[in-house]
Amino acid sequence: SDWSSDVCSSDLSAISSRRGYFMLLTIFVITILCFAVAYKFYGGFQSRFYDLDPNRKTPATELQDDIDYCPAHPAVLMGHHFASIAGAGPVVGPIAAAAALGWLPTLLWIIIGCIFFGGVHDMGALVASIRHKGMSIGEVVRQWIGARGHKLFLAFTWLSLTLVIAVFLELAAQTFAADPAVAFTATLYIFLAMVFGVAIYHYGISLKVSTIIMLPILFGSLIFGIESSWVQSTFALSLDTWRMALIVYIFAASVLPVWLLLQPRDYLASYMLYFSVFIGGVGMIFGGASYEVKLPAFKGFVTASGDWLWPLLFITVACGAISGFHSLVASGTTSKQLKRETDAVPVGYGAMLLEGVVGVIALGTIMMSGEMLQGGPTVVYGNGLGQFASLLGISPRVGTALGLLALNSFILTSLDTATRLARYQLQEFTGMSLNKYLATAISVGVALALIFVKTGKVAAWQMIWPVFGATNQLVAAIALLAMGVWVIRSLKKSAGFIMYPMAFMLVTTIVALVQMIAANLNNYIVSGISTVLLVLTVLLLKEAYAALKAAKAE
């Protein structure tokens, strides 16, 4: 009887393992194939639709000032853009959505969203910006929807960016305070990035040579940081100390020439992100043979907390499928560094697909754990990447630290880019009457108020953070609307492939905001902000409708 029980148990374990293997492998392979086909055909379609010309001058070359406008090597710009748009979203969003709804709907939305929603949104924002002298989507709104819509959009996005700065600064500071090795490596990134920028732009050292020299130092610093007692003691600083250090860093990243700090730091950080994607890919392909899939494929249309799959799924996954923040990055820093128009395909469309791969890998980590672990999505991701790394002979401790460092790199690159973008938005809103120092100081000051001003023991950013998911997706819908109006009025083409995703995201976010208002009638801050966002949206829609009506009459 005992022998029979053992055999049955062993057989069931083997079956479960095989299922896990084929599940993770199948999911990953299907994702890669879908994205490869989409890049080739749908990316190519958009390139032809926008008539991208490698010989046409871009704002980076035409307006080059080596401060904001600076033509970059495609690999460098890809690194900056991918690292900036990724943030914590493609990790936190898919894990949270899958934990609540199951892995299958999350996977489907990542694949469909990246190809037909996020990729269209990101590439369209980048192309629209380079056709408007590298200005933000706000300028596209101004020219093709109207001055009133322009002001509304800039106010909307600037407030969103200050919230991003506050949240990501807090997350980065907490990560540094919790792990001295991560803090040490991230700090080293900053100083080596400046050396890297000077070496390339002032001394003419090739990108390949500089990269070969820097990368071993950066990866070695993580191992050194884990093993070194000096690092563990020297970089074990308080949360407030790291907050102050990060404030100094993001201010510098906003005002210094883009080639000196922001561009090279994001480029170098991207290799850590690429390496984490490689480890995650290995884990997805081979890990199923070692790790059981515990998460159900589908948990139902209603979550345990009473939320419906729609709109929850499409708000929660966020950066893993589509994110309004991406359009701000694409039309903010990236468009000012695009060397050739055709680079918009790999940078704009390709980076979004790569972010989808990150989202699927994050999905794989929650599939293995089967539930949300204590500490939330970041712990789930770090532990999962540690398990995947062990398949390559890397100790789980180093693998987990690598996963957390990669996640911190996502956060830090989004943080410094968001600060520079907030500066751009505020300067544009004031008609460039504010210099870069004052615009940065105001933006950072508002973000700090969100961190340090509290109601009881709850910081202001924590109170309004639940609104951010809907706000971010609403920015995406409005950006798509601006692109669609531009295509219809300026390019004189049908914009169905832009306007259909826009309509879906617009309805989804409006429903989410209405639900949030109904659920928070006693919370005047959350319900009040949600109401303001709804009013702004209605006013922008009214302006866009008038613009499209005028276009038909032309």
>> Pairing donors with acceptors under 3.5 angstrom, does anything connect the side chains of Trp144 and His132?
In response: yes
> Does one side chain, of Trp310 or Thr508, offer a donor that lies under 3.5 Å from an acceptor on the other?
Replying inline: yes
>> Between Ser254 (side chain only) and Ile250 (backbone N and O only), is there a donor and an acceptor less than 3.5 Å apart?
In response: no
> Mind checking what makes ring pair (Phe, Tyr, Trp, His ring centres under 6.0 Å) contact with Trp158, not counting sequence neighbours?
Replying inline: none
>> Show, in sequence, the C-alpha distance, side-chain angles and deciding distance for Met78 and Ser270, and conclude whether the side chain to side chain contact (heavy atoms under 4.5 Å, CB included) test is met.
In response: CA-CA 8 Å; Met78 178 68 173; Ser270 69; over 6 Å; no
> Does the side chain of Tyr349 come under 3.5 Å of the side chain of Asp122 through a donor N or O and an acceptor N or O?
Replying inline: no
>> Take a 6.0 Å sphere around NZ of Lys542 and say whether it holds more than 12 heavy atoms from other residues, nucleotides or ligands.
In response: no
For a quick test of your reading: what N or O donor-acceptor pairs under 3.5 Å do the side chains of residues 91-101 make, sequence neighbours left out?
none

>> Taking salt bridge (charged side-chain N to carboxylate O under 4.0 Å, His left out) as the definition, give me every residue that meets it alongside Asp68, ordered by chain and number, with sequence neighbours left out.
In response: Arg420, Arg423
> Could you go step by step and tell me if Ser84 and Thr417 meet the side chain to side chain donor-acceptor pair (under 3.5 Å) rule?
Replying inline: CA-CA 6 Å; Ser84 296; Thr417 300; 2.7 Å; yes
> What residue pairs, at least two apart or across chains, pass salt bridge (Lys or Arg N to Asp or Glu O under 4.0 Å) with a residue in residues 315-327?
Replying inline: none
> Hey, is CZ on Phe452 packed in by over 12 heavy atoms from elsewhere, all under 6.0 Å?
Replying inline: yes
> When you look at Gln263 and Tyr201, which way does the side chain to side chain contact (heavy atoms under 4.5 Å, CB included) test go after all the steps?
Replying inline: CA-CA 11 Å; Gln263 187 189 89; Tyr201 287 100; 2.4 Å; yes
>> Filter on salt bridge (Lys or Arg N to Asp or Glu O under 4.0 Å), then keep only pairs touching residues 163-173, sequence neighbours left out; what's left?
In response: Glu170-Arg243
> By salt bridge (charged side-chain N to carboxylate O under 4.0 Å, His left out), which residues pair with Arg340, not counting sequence neighbours?
Replying inline: Asp343
Only pairs under 3.5 Å count here: list side-chain donor-acceptor contacts from residues 530-537, not counting sequence neighbours, and write none if there are none.
residue : atom : partner : partner atom : Å
Ser530  : OG   : Val526  : O            : 2.8
Thr531  : OG1  : Ser527  : O            : 2.7
Thr537  : OG1  : Leu533  : O            : 2.7

> Between the side chain of Lys492 and the main-chain N/O of Arg489, is any donor-acceptor distance below 3.5 Å?
Replying inline: yes
>> Distance to the ring centre below 6.0 angstrom and angle to the axis at most 45 degrees; does that hold for Lys436 and Tyr424?
In response: no
>> Applying ring pair (Phe, Tyr, Trp, His ring centres under 6.0 Å), can you list everything that pairs with Tyr267, at least two apart in sequence or on another chain?
In response: Phe196, Tyr271
> Partners of Phe301 by ring pair (Phe, Tyr, Trp, His ring centres under 6.0 Å), sequence neighbours excluded?
Replying inline: Phe298
> Residues two or more places apart in sequence or in another chain: which of them pass ring pair (Phe, Tyr, Trp, His ring centres under 6.0 Å) with Phe116?
Replying inline: Tyr42
> Has the side chain of Thr61 got a donor or acceptor atom that lies under 3.5 Å from a matching backbone atom of Lys57?
Replying inline: no
>> With side chain to side chain donor-acceptor pair (under 3.5 Å) as the criterion, how do His150 and Gln143 come out once you've worked through the C-alpha distance, each side chain's angles and the decisive distance to 0.1 Å?
In response: CA-CA 8 Å; His150 176 235; Gln143 286 195 30; over 6 Å; no
>> Let's go through Leu481 and Leu541 carefully: what are the C-alpha distance in whole Å and the side-chain angles of both, what is the deciding distance for side chain to side chain contact (heavy atoms under 4.5 Å, CB included) to 0.1 Å, and is it a yes or a no?
In response: CA-CA 9 Å; Leu481 177 62; Leu541 285 174; 4.0 Å; yes
> When you measure from the side chain of Gln473 to the backbone N and O of Phe314, does any donor-acceptor pair fall under 3.5 Å?
Replying inline: yes
>> Please enumerate all residues that pass salt bridge (charged side-chain N to carboxylate O under 4.0 Å, His left out) together with Glu341, with sequence neighbours excluded.
In response: Arg56, Arg131
> Rounded to the nearest 0.5 Å, how far does CG of Leu171 lie from OG1 of Thr175?
Replying inline: 6.5 Å
>> For Trp486 and Val127: C-alpha separation, side-chain torsions, deciding distance, then whether side chain to side chain contact (heavy atoms under 4.5 Å, CB included) applies.
In response: CA-CA 11 Å; Trp486 164 62; Val127 174; 4.2 Å; yes
>> Quick test of your reading: applying ring pair (Phe, Tyr, Trp, His ring centres under 6.0 Å), list the pairs with at least one residue in residues 53-96, sequence neighbours left out, ordered by first then second residue.
In response: Phe82-Tyr274
